[in-house]
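What follows is one structure encoded as structure tokens, with my remarks underneath.
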There are 2 protein chains.
Amino acid sequence: MVAEKRTVDRKRDSQALKGLLGVRDLVLGGGVSPGERLSEVWLAEKLGISRTPLRAALARLEQEGLLEQIPSGGYAVRGFTTADVFDAIELRGVLEGTAARLAAERGVTPAKLKAIKGLILELDKCFRDRPEDMLFDQYVELNAEFHSMLAGLAGSEMMRREVERATQLPFASPSAFLEKQEDVLAFRLSLVHAQRQHRDIVSAIEMREGTRAEALAREHARLARHNLEFVMEEDRSLITRVPGLTLIST
Amino acid sequence: MVAEKRTVDRKRDSQALKGLLGVRDLVLGGGVSPGERLSEVWLAEKLGISRTPLRAALARLEQEGLLEQIPSGGYAVRGFTTADVFDAIELRGVLEGTAARLAAERGVTPAKLKAIKGLILELDKCFRDRPEDMLFDQYVELNAEFHSMLAGLAGSEMMRREVERATQLPFASPSAFLEKQEDVLAFRLSLVHAQRQHRDIVSAIEMREGTRAEALAREHARLARHNLEFVMEEDRSLITRVPGLTLIST
DNA sequence: TGTGTCCAGGCTGTATACAGTGATAGGCCG
DNA sequence: CGGCCTATCACTGTATACAGCCTGGACACA
């Protein structure tokens, strides 16, 4: 019954959703190149949907920042510079930092505090005696949940929305450099540090140390920057493995 | 010729634009109440456009945060709490502060620095010996330009976009509590303070004092919060005169 | 009298037809 | 032979028709 309801729900906006996911995958998967114009008819045919829901998807992806409008009409894949990616990461750090600061300043309900502390304990369990035994996939999932929960910790719906927004760009996501990277030693080692930062951020929030919480969250986002620098300078072959990094032009 | 070109340009997306502006005016002007469901056919008929461009406008306004999607389909006017407005202002402060900090840290081109300093001088000219002679309208316009320029001072297109975004919500705009408020003494007096902050922000940026620039920009946004508190506690009749404030429910 | 069910109306989501505009290629003139 | 102009074509923006779903009300039964 529940499954059927969900099927119905999916079918309700299946076309628009199919278009959104389809175009996004196409862009991030490298099916289309930065700067390339996206033809509506071609896309509609390729995705098996009509132009109307496709246009809705395109408009949304433009808001997300993945596409840009062409003056003469239509949309094109947006190209990013390395500086853009740095800025997107910086922006996420600033917003997560603000969410952390507000949570500290305004106070967090005991229930929420308990929940996020439990999440940290769960994250701890992902680490094993031997680094190669680490539960990587579970860490990635829990890490995403942690950041999502952190965004909502201040109890401000508006702040939560904005943090989620800043996370939309694929390379700005807290999980951007984690997924499918378990075999890169440098990334694995940084997780120990990251987890320590998780703990400190929550601790600062609990002790109502707003400034410290903000600074820690900002610094935590810097890990992504370090990972990006590693990818760009040490091992550019990884570019294809981080979602969205193929959109970088210069 | 130029005028004709512009007419053509307007006609190009006149329907979609007409829908966007029309619905926005309707929502902000109080033509529809918070929580109220917006019927597409009714709106399309009222605005004299078809449903297709209207839907594009509605989707965009949902991204802007003025509308929200109804689970059963369609859109409704989003209601805001006072806390939401506070948060929106706080958010603008944080983002403008980040733009100022990055400008200070990364340095600003002499041309841009000269331009924004010139803007400050222009703003100075709006003040007269007698407060009642103040060039209010010009101040409002120049103030908007100052904030727009500040957003782009860091030379980061991404940061500029995000600051502009945070400014979209009408009550979060730097001009929110300025327009049509020249006869409110409390607001007029705060402009002297605001202009001093403008000067200090630019000065901090020029001297590469990133932290100070960020703090000043954040505090500058707090002026809007003070104005909002004044409106809500001292003179609620002003609610109808600040664009978007009619959307506040609690 | 209250509750559950069924029906009708309206509404959204989708598809498609059409018109206007920009781009491109080919031809003509210099 | 090259540059400019023009005509055609493809593509987007818009309108509208259609189908499925949600909602509200009325009726029947407990």
Side-chain angles (χ1 to χ4, degrees), chain A residues 1-23 26-27 31-33 35-63 66-78, chain B residues 1-23 26-27 31-33 35-63 66-78:
Chain A
M1 200 161 67
V2 174
E4 196 168 356
K5 180 62 162 56
R6 191 164 282 180
T7 305
V8 172
D9 274 351
R10 275 199 180 170
K11 245 194 175 70
R12 262 201 74 257
D13 49 2
S14 84
Q15 301 306 83
L17 199 64
K18 191 196 283 186
L20 189 68
L21 300 178
V23 177
L26 213 56
V27 172
V32 286
S33 306
E36 187 179 340
R37 182 186 195 135
L38 295 176
S39 165
E40 290 186 359
V41 284
W42 180 77
L43 269 179
E45 196 165 338
K46 192 175 180 68
L47 300 176
I49 62 175
S50 170
R51 276 180 58 211
T52 308
L54 175 67
R55 285 179 68 84
L58 292 175
R60 186 167 188 127
L61 287 171
E62 190 235 343
Q63 290 292 324
L66 235 59
L67 305 180
E68 59 187 355
Q69 263 188 315
I70 296 178
S72 61
Y75 294 94
V77 181
R78 183 165 160 210
Chain B
M1 200 160 68
V2 173
E4 198 167 356
K5 180 64 161 53
R6 191 164 284 182
T7 304
V8 171
D9 274 351
R10 274 198 182 171
K11 243 188 178 74
R12 260 202 76 257
D13 51 1
S14 82
Q15 301 305 83
L17 199 63
K18 191 196 282 188
L20 189 67
L21 300 178
V23 177
L26 214 56
V27 171
V32 286
S33 305
E36 188 178 339
R37 180 182 197 141
L38 295 177
S39 164
E40 290 186 358
V41 285
W42 180 78
L43 269 179
E45 196 165 339
K46 192 176 181 70
L47 300 177
I49 62 175
S50 169
R51 277 181 58 213
T52 307
L54 175 68
R55 285 179 67 84
L58 292 176
R60 184 166 188 130
L61 287 171
E62 191 234 344
Q63 290 290 325
L66 235 58
L67 305 180
E68 59 187 355
Q69 263 188 315
I70 297 178
S72 61
Y75 295 93
V77 181
R78 184 166 160 207

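Proteins get letters first, then strands, A, B, ... in listed order; numbering begins at 1 in each. Remember, predicted model here, so these are calculated numbers, not experimental data.
- Per the geometry, CD belonging to A/E40 stands 6 Å off P belonging to D/dG13, to the nearest Å.
- The structure places CG of A/L20 at 10.0 Å from CG of A/L66, a figure rounded to the nearest 0.5 Å.
- Across A/A57 and A/A16, no two heavy atoms sit closer than the pair CB-O, 4.1 Å.
- Computed from coordinates, the A/I70 CD1 to C/dA23 C1' distance equals 12 Å when rounded to whole Å.
- Near-neighbour residues of DNA chain C inside residues 41-52 of chain B, defined by a heavy atom below 4.0 Å, number-ordered: B/V41, B/R51.
- One interatomic measurement links the two molecules: CD of A/Q15 to C1' of C/dT12, which rounds to 14 Å at whole-angstrom precision.
- Of the candidate nucleotides D/dC22, C/dA23, D/dT14, C/dA23 has the atom lying nearest to any side-chain atom of A/S72.
- Remark: P of D/dC11 and CG of A/L58 are 14 Å apart, rounded to the nearest angstrom.
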Contacts table for residues 38-49 of chain B: side-chain donor-acceptor under 3.5 angstrom, sequence neighbours left out:
{"residue": "B/S39", "atom": "OG", "partner": "B/W42", "partner atom": "N", "Å": "3.4"}
{"residue": "B/E40", "atom": "OE1", "partner": "B/R51", "partner atom": "NE", "Å": "2.9"}
{"residue": "B/E40", "atom": "OE1", "partner": "B/R51", "partner atom": "NH2", "Å": "3.0"}
{"residue": "B/E40", "atom": "OE1", "partner": "B/R55", "partner atom": "NH1", "Å": "3.3"}
{"residue": "B/E40", "atom": "OE2", "partner": "B/R55", "partner atom": "NH1", "Å": "2.6"}

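- Residue A/R60 comes nearest to B/E62 through the heavy atom pair NH1-OE1, 4.3 Å, listed as atom of the first residue, atom of the second, then distance.
- A straight line from CG of A/L17 to P of C/dG13 spans 13 Å, rounded to a whole angstrom.
- Taking atom CZ of B/R37 as the reference point, atom C1' of D/dG24 lies 12 Å away to the nearest angstrom.
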Distances under 3.5 Å only, N/O to N/O: pair up the protein atoms with those of nucleotides 4-10 of chain D.
none

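- In this structure, A/L38 reaches the sugar-phosphate backbone alone: every heavy-atom distance under 4.0 Å involves primed, P, OP1 or OP2 atoms, never a base.
- The distance from the CG atom of A/L61 to the CZ atom of A/R78 is 12.5 Å, given to the nearest 0.5 Å.
- Counting only heavy atoms from C-beta on, B/P53 has its side chain closest to D/dA15 among C/dT14, D/dC11, D/dA15.
- Across all non-hydrogen atoms, the minimal contact from A/L67 to A/Y75 is CD1-CB, 4.3 Å.
- Within the structure, every side-chain polar atom (N or O) of A/R55 is placed at least 4.0 Å from both OP1 and OP2 of D/dT12.
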Where do B/L54 and B/V23 land on the side chain to side chain contact (heavy atoms under 4.5 Å, CB included) test, with the steps shown first? CA-CA 9 Å; B/L54 175 68; B/V23 177; 3.8 Å; yes

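- Here the C1' atom of nucleotide C/dC11 and the OH atom of B/Y75 are 14 Å apart, to the nearest Å.
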